[in-house]
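A short write-up of the structure that comes next.
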Amino acid sequence: MSLEKIENLVEKLSCDLILADPDEPESLSSLLPILKQAHDKYRKLSLNDGAKEILRARKIIDLVLKNNTKDVNKEMGNLNDIVSGLSSSIIDLKAADQVQDSEDLNFKDSIPVDTNLNDIYDD
């Protein structure tokens with residue numbers, strides 16, 4: 001499983017969060033299935049920090065849906081911060097993944113410099 005699936009879910013989460021209306025807390029309920037899917041993907045890739053952030057977002061949404069918060073706008077801001085952080089972490093993870101891929105392709109470590117290529121390719 002790749003980061004692409006998580007990236008797509010976080011992007012959908014971000015778009016749906018933008019469309020959510022703080023005056024209609026029920027509009028946040030559409031985020032719950034996306035959060036569940038994202039949490040599962042984060043856990044499968046052992047990305048525990050991301051999984052914890054997803055749980056934080058879930059708790060905030062639960063508070064808003066149950067009217068257990070005095071400042072819905074503040075909680076919406078907290079949700080935005082979490083989703084923004086998830087997006088940033090995906091960018092960082094993809095960059096680290098690309099660095100790892102380029103290191104895997106670095107042949108100077110796999111074949112000693114003084115090796116005669118004719119010795120490697122005995123035909």
Student check: side-chain heavy atoms of L17 and L28 closer than 4.5 Å: yes

pair L35-H39: side-chain heavy atoms closer than 4.5 Å: no

Electrostatic pair K94:E4 at N-O distance under 4.0 angstrom: no

Side-chain donor-acceptor contact under 3.5 Å, E75 with N78: yes

Minimum heavy-atom distance between P25 and V64, given as atom pair plus value: CB-CG1, 3.5 Å

Whether S87 side chain and V83 backbone form a donor-acceptor pair below 3.5 Å: yes

Lys/Arg N to Asp/Glu carboxylate O, K66 vs D62, below 4.0 Å: no

Show which side-chain atoms of residues 45-55 pair as donor or acceptor with protein atoms under 3.5 Å away, not counting sequence neighbours.
residue, atom, partner, partner atom, Å
E53, OE1, R56, NH1, 2.7
E53, OE2, R56, NH1, 3.2

Cluster check L9, L32: I/L/V/M/F/W/Y, side chain < 4.5 angstrom: yes

Donor-acceptor pair, side chain of S84 and main chain of N80, under 3.5 angstrom: no

Side-chain touch E26/S29, heavy atoms, less than 4.5 angstrom: yes

Spacing of S27 atom OG and D21 atom CG [to the nearest 0.5 Å]: 5.5 Å

Pairwise distance CG(L13) to CG(N8) - rounded to 0.5 angstrom: 12.5 Å

Any donor-acceptor N/O pair, T69 side chain to L63 backbone, under 3.5 Å: no

Flag side-chain contact, heavy atom, 4.5 Å: R58 against L31: no

